[in-house]
Amino acid sequence: MNRYLSKRGRTWYLIKRIPADVRELHQGEDTIRESLKTTDLIAARRIRDARLKELEAEWNAYRALPRGKHLNPRELHAALQLRKDLLGSERQAVLEIVEECTNDIYNSDVPEQLHGLASSEKAAEFNGIASGKRFPTELAVEEFLAGAKLKPTTRKLYAGLLKLVINKFPTLEEINEVSIISLVREYQRDHTAKSVRNLLTATRNLLHYHGHNHVREAIRSLRIDAHKPLLEKGIWTPKELVRLTVANTAPQWLRDCIIVAAYSGLRAQEIRGLIYDAGENQLVVPLQNAKTTNAIRRIACHPKAKEAAIRLASANDKLTVHKLSTAFRSLVEKLNLPRIVEIDGVPTKRDFHALRHTFASKLTALGAEESAIKRILGHSTKGNVTRGYSQKVGAELDRPLIERVSYEVSDAAAATPEAKAA
């Protein structure tokens with residue numbers, strides 16, 4: 001009740017240890033000692049609580065500020081301000097200030113007995129940024145995402161991919177053909193060729209936005225299949241699908257998601273916002289959950305997916321893509337199902353999205369026309385006329401085809417250990 005309170009004489013004081021990562025805000029002090037200017041304990045508690053909220057807000061705001069590899073937010077802010085001042089008419093005077101600040105950081109970072117003998121990465125980083133020779137990747141990405149003309153979906157995709165670039169390269173100048181090859185080889189171990197291409201495209205656009213076109217052109221010609229083959233998307237076998245859908249270790253909502261994806265080809269983000277039209281017995285993908293305008297569609301609900309779809313639609317607000325992907329990956333590991341398999345010598349990755357590929361392969365095996373498969377999966381079709389037509393009557397036209405999809409779940413389920421245990 002009286003935590004962080006101390007009494008001196010008749011007056012109450014706030015005594016709190018300062019977290020190490022925000023001590024720069026308090027001139028390096030490790031403890032706050034403030035008079036609450038009251039002799040009343042109840043008033044002291046009220047003032048303490050308000051002051052602690054202020055401090056937490058101040059510290060969290062400081063922690064949210066961008067920081068360099070070695071520089072704290074204040075030092076980085078000073079370096080960026082000097083970098084901006086270099087564009088003015090007093091360039092030479094600003095360069096002298098940069099040199100002075102660099103020396104101050106060096107002197108505080110390196111013990112006096114080692115001055116002139118040891119280097120300081122912190123001082124070097126400050127000098128590089130302040131003099132305009134380096135630019136923090138995190139800030140470069142923030143400016144790019146805020147200023148570039150990108151579609152909302154593209155901006156969201158790039159934001160996730162460029163976090164990898166930020167973690168790998170503290171400054172933009174560290175990105176070159178050799179270093180990006182290293183990142184690509186690491187990334188392609190468990191990602192598809194499409195994902196790697198997206199990473200390279202995001203990096204190229206980032207470099208182009210900031211005028212690093214010589215590096216951008218070098219990356220443009222980079223072979224993403226160098227060193228080892230990249231992963232393609234695989235499919236799940238009927239027996240594996242049986243194990244996934246009847247596993248008693250999986251929660252009901254996860255099994256429902258697997259069943260709906262296997263019998264409709266819906267993406268994870270589309271299942272998250274699924275709407276079930278009971279009157280038409282159709283699955284509806286609304287605008288806010290569609291990947292593109294082509295993905296806004298209705299799909300005839302397969303009889304084996306109806307109950308699962310009803311349950312998901314009634315509890316949709318609790319589901320996220322991350323939660324679904326993580327739970328699915330955990331289930332696959334528990335069942336000891338291989339996530340990466342070779343098909344005709346080509347390594348393929350199986351994740352939740354592979355259920356969509358599995359459904360598409362079933363439609364192909366049933367002899368479905370390409371236009372019908374595109375319509376059902378929400379891929380691009382020829383023109384707005386076709387798309388409008390498919391929205392109105394396509395779902396019912398595709399129902400006979402969709403209802404022919406079968407994984408023989410009911411027959412094979414009895415043979416699985418998960419079904420016997422249940």
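Hydrogens, waters and symmetry mates play no part in the numbers below; they use all other heavy atoms, side chains included. Starting from 1, each residue takes its place in the sequence as its number.
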* Would you find a donor on one side and an acceptor on the other, under 3.5 Å apart, between the side chain of Arg51 and the backbone of Leu14? -> no
* Asked: Between CG of Leu324 and CD1 of Ile271, what distance do you get to the nearest 0.5 Å?
  -> 6.5 Å
* To do: Any chance you could lay out the ring-ring contact (aromatic ring centres under 6.0 Å, His included) test for His210 and Phe144, step after step, and finish with the verdict?
  => CA-CA 8 Å; His210 290 284; Phe144 166 63; 7.4 Å; no
* **Residue from Asp398, Val260, Ile402, Leu377 passing side-chain contact (heavy atoms from CB on, under 4.5 Å) with Ile299** => Ile402
* Does a donor on one side chain sit under 3.5 Å from an acceptor on the other, for Thr237 and Glu240? -> yes
* Below 4.0 angstrom, N of the basic side chain to O of the carboxylate: do Lys122 and Asp109 qualify? -> no
* Asked: Can you tell me if Asn127 uses its side chain to pair, donor with acceptor, with the backbone of Ala123 under 3.5 Å?
  -> no
* To do: Keeping the roles fixed (side chain from Arg155, backbone from Ala148), state whether a donor-acceptor pair exists under 3.5 Å.
  => yes
* Structure fact -> Rounded to the nearest 0.5 angstrom, the CG-OG distance for Leu114 and Ser120 is 11.5 Å
* I would like to know whether His302 and Phe359 meet side-chain contact (heavy atoms from CB on, under 4.5 Å); could you show each step before the answer? => CA-CA 12 Å; His302 194 289; Phe359 177 71; over 6 Å; no
* Which residue, Leu266, Val284, Leu283, forms the side-chain contact (heavy atoms from CB on, under 4.5 Å) with Arg297? -> Leu266
* For ring-ring contact (aromatic ring centres under 6.0 Å, His included), just list the numbers for His357 and His353, CA-CA rounded to whole Å, side-chain angles, deciding distance to a tenth of an Å, and then say yes or no. => CA-CA 7 Å; His357 290 250; His353 192 77; 5.3 Å; yes
* Asked: Taking Arg134 for the side chain and Gly128 for the main chain, is one N or O donor matched with an acceptor at less than 3.5 Å?
  -> no
* Asked: To the nearest 0.5 Å, what is the distance between CZ (Arg3) and CG (Asp49)?
  -> 12.0 Å
* **Contact list for residues 111-133, test ring pair (Phe, Tyr, Trp, His ring centres under 6.0 Å), sequence neighbours left out** => Tyr106-His115
* Asked: Would you find a donor on one side and an acceptor on the other, under 3.5 Å apart, between the side chain of Thr154 and the backbone of Leu150?
  -> no
* For Glu75 and Asn72, indicate whether the former's side chain and the latter's backbone hold a donor-acceptor pair under 3.5 Å. => yes
* Decide whether Thr201 and Asn198 meet the rule of one side-chain donor and one side-chain acceptor closer than 3.5 Å. => no
* Using distance alone, with no hydrogens and no angle criterion, decide if Thr102 and Glu99 have a side-chain donor and acceptor under 3.5 Å apart. => no
* Does any N or O in the side chain of Thr137 come within less than 3.5 Å of the main-chain N or O of Phe169, such that one atom is a donor and the other an acceptor? -> yes
* Asked: Is Glu121 atom CD crowded by more than 12 heavy atoms from other residues, nucleotides or ligands, each under 6.0 Å away?
  -> no
* Evaluate the ring-ring contact (aromatic ring centres under 6.0 Å, His included) criterion for residues Phe328 and Trp236: first the C-alpha distance (whole Å), next the side-chain angles of each, then the deciding distance (0.1 Å), finally the verdict. => CA-CA 13 Å; Phe328 183 82; Trp236 296 99; 5.8 Å; yes
